[in-house]
Number of protein chains: 2
Amino acid sequence: MSTPSKDRLRLWLRLLGLTRHVDGHLRDKLRLEFKTTLPRFDVMAALSRHPEGLKMSQLSGVLRVSNGNVTGIADRLAEEGLVERVPVPGDRRAMILRLTPAGNVEFAQQATAHEGWINDMLHGISAADARLMAAQLIAVAQAAENKEEINDPSHA
Amino acid sequence: MSTPSKDRLRLWLRLLGLTRHVDGHLRDKLRLEFKTTLPRFDVMAALSRHPEGLKMSQLSGVLRVSNGNVTGIADRLAEEGLVERVPVPGDRRAMILRLTPAGNVEFAQQATAHEGWINDMLHGISAADARLMAAQLIAVAQAAENKEEINDPSHA
DNA sequence: TATAGATATTTTAATCTTAAAGTATCAGCA
DNA sequence: TGCTGATACTTTAAGATTAAAATATCTATA
C-alpha cells in the first residue's frame, strides 16, 4: 500500500540509511587513518573556518551541540596540543578556542582525506546530479523548518 | 569554485544537515511525548517487525550496531516491562528478545506518532517527489556500496 | 571423553551526547 | 556600593556507542 505519509516515511528511512552508512564509513576512516573521531573533526573544521578562534558558546552554536559537549571535546583536543584556550580580554568568563599551528597542520591533512572519502563514496553521482540533489535538499529542509515555525512560533 | 569533488562534498553536507535536523526533531518528540529515545524506538520497531522475537545477535545485525549496545538498551526496556528475554531451547548461550503485550501496545502508539511527525516535517515534498527521491537515494547507496566492495573485496 | 576452536552474549573502558545543576563573572540599577 | 538577573562556562548524571576482553556454551574431532 502507498499513501503520501508512507511515501514520505520511506524517503526518510532511505535518507537515514544512506546518511548512517556514509557517516559510519567516515568515522571508521578517521579512526583508522587519523586516530580521531567525527566530533573532534567537526570541532577542528569549525575552528579552521575561523582562524581567530571561537568562543566556546559560539562553537556550540555553530555545531548545534550543547555547551557541555564542546567542553569535553575541547579538553581532549587541548591535551593533545591541537587546540588551545585563550582568555578573552575584558570578559573573564569567556574563553576563545582556536587551532594551534600543530592543529592546523593536522586538520589540513584530515580535511583533504575527508573530501576524498566522500568523493569516492558518492562517485556514482555526477557533479551535475550532485548539484541538483543538493538544491532539492535545500528546498526540503526549508519546508521542514517553515513547518516548525508554524507549530512553534517562539522562533520568531 | 566548483569541482566534482566539492559538489559531492556539498551534497553530503546538505544530506547530513537535513538528516540531523529531522533526527533531532524525532528525538525531541520521542522524549517529550513518550519519555523514550530513538535507540529504544529502533529496537522496538525491529522487534515489532518480528513478532516471534529476535536473538540478540540478530537484533544487533538488523540494527547494524554492536552486540554490547543492544544489551544495554534491552536491559532498560526489560526493566520497564516493554520487552522480555526468552531462552532459546537447545542453545543455552542464546536469548530471544521480544515485545511484551505492553510493549506492543506502547510501540503501536509510538509508530503512529512517528509516521505523523515525519509526514509533517516532509510535507513540503509531494508523494510523487518523495518516491522519486527515494529511488535516487537507493541508486546512490548502491553506488557507494559497490565502491566499497572494490576497495574491500572481503564482503564477497 | 577430552579438548580445541567457534559462537552468543555480557562486561568494561573510553568517548559522545544532553539536560540540569553549579560556579564565576558581568551589567544595570537603586 | 550592593543587589539582581543575565551570561559563559564547567560539572554531573544518565544513556548511547564502540572495540576489546571476559564468560558461557556449543560443536567437531582426536
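So you know, we letter chains A, B, ... as the sequences are listed, proteins then strands, and number each from 1.
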Self-check item: 5' precedence on DNA chain C between A/G68 and A/D91 (nearest-nucleotide basis)
Solution: A/G68
Quiz item: NA contact type, B/V65, heavy-atom cut-off 4.0 Å: base, sugar-phosphate, or nothing?
Solution: sugar-phosphate
Practice problem: Tell me what A/L38 touches on the nucleic acid: a base, only sugar-phosphate, or nothing, going by heavy atoms under 4.0 Å. | Solution: nothing
Quiz item: Can any side-chain N or O of B/S48 pair as donor or acceptor with the backbone N or O of B/M44 at less than 3.5 Å?
Solution: no
Quiz item: Does a side-chain N or O from B/K55 land closer than 4.0 Å to OP1 or OP2 of C/dT9, or not?
Solution: no
Quiz item: To the nearest Å, how far apart are B/M56 CE and D/dT25 P?
Solution: 17 Å
Exercise. Rounded off to whole Å, could you give me the NZ-to-C1' distance for the B/K35 and D/dG15 pair?
Key: 16 Å
Exercise. May I ask you to check whether A/F41 and A/F107 place their ring centers less than 6.0 Å from one another?
Key: yes
Quiz prompt | Pairing of B/D75 and B/R85 as salt bridge, 4.0 angstrom limit | solution = yes
Quiz prompt | Side-chain H-bond candidate by donor/acceptor type, A/S60 with A/N69, under 3.5 Å | solution = no
Quiz item: Can you check the B/N69 CG to D/dG15 C1' distance for me, whole Å?
Solution: 10 Å
Self-check item: Whole-Å gap separating P (D/dA14) and CZ (B/R27)
Solution: 20 Å
Quiz item: Between B/E115 and A/R10, does at least one N-O distance fall below 4.0 Å, as a salt bridge requires?
Solution: no
Exercise. Send over the distance from B/K29 NZ to C/dT18 C1', rounded to a whole Å.
Key: 19 Å
Quiz item: Counting any heavy atom closer than 4.0 Å, what does A/S66 reach on the DNA or RNA strands: base, sugar-phosphate only, or nothing?
Solution: base
Quiz item: For B/S57 and C/dT9, is the shortest distance between a side-chain N/O and OP1 or OP2 below 4.0 Å?
Solution: yes
Exercise. In whole angstrom, give the distance that lies between atom CZ of B/R31 and atom C1' of C/dA20.
Key: 11 Å
Quiz item: When the distance from CZ of A/R93 to C1' of D/dG5 is rounded to whole Å, what number comes out?
Solution: 12 Å
Practice problem: Between A/D28 and A/I96, just flag the one whose closest nucleotide in DNA chain D comes earlier from the 5' side. | Solution: A/I96
Quiz prompt | D/dA16 OP1/OP2 closer than 4.0 Å to side-chain N/O of B/T37 | solution = yes
Quiz prompt | Proximal nucleotide (of D/dA16, C/dC16, C/dA8) relative to the B/A94 side chain | solution = C/dA8
Exercise. To the nearest Å, give me how far apart CZ (A/R92) and P (C/dT25) are.
Key: 6 Å
Quiz item: Can a side chain N or O of B/R40 be found less than 4.0 Å away from OP1 or OP2 on D/dA16?
Solution: no
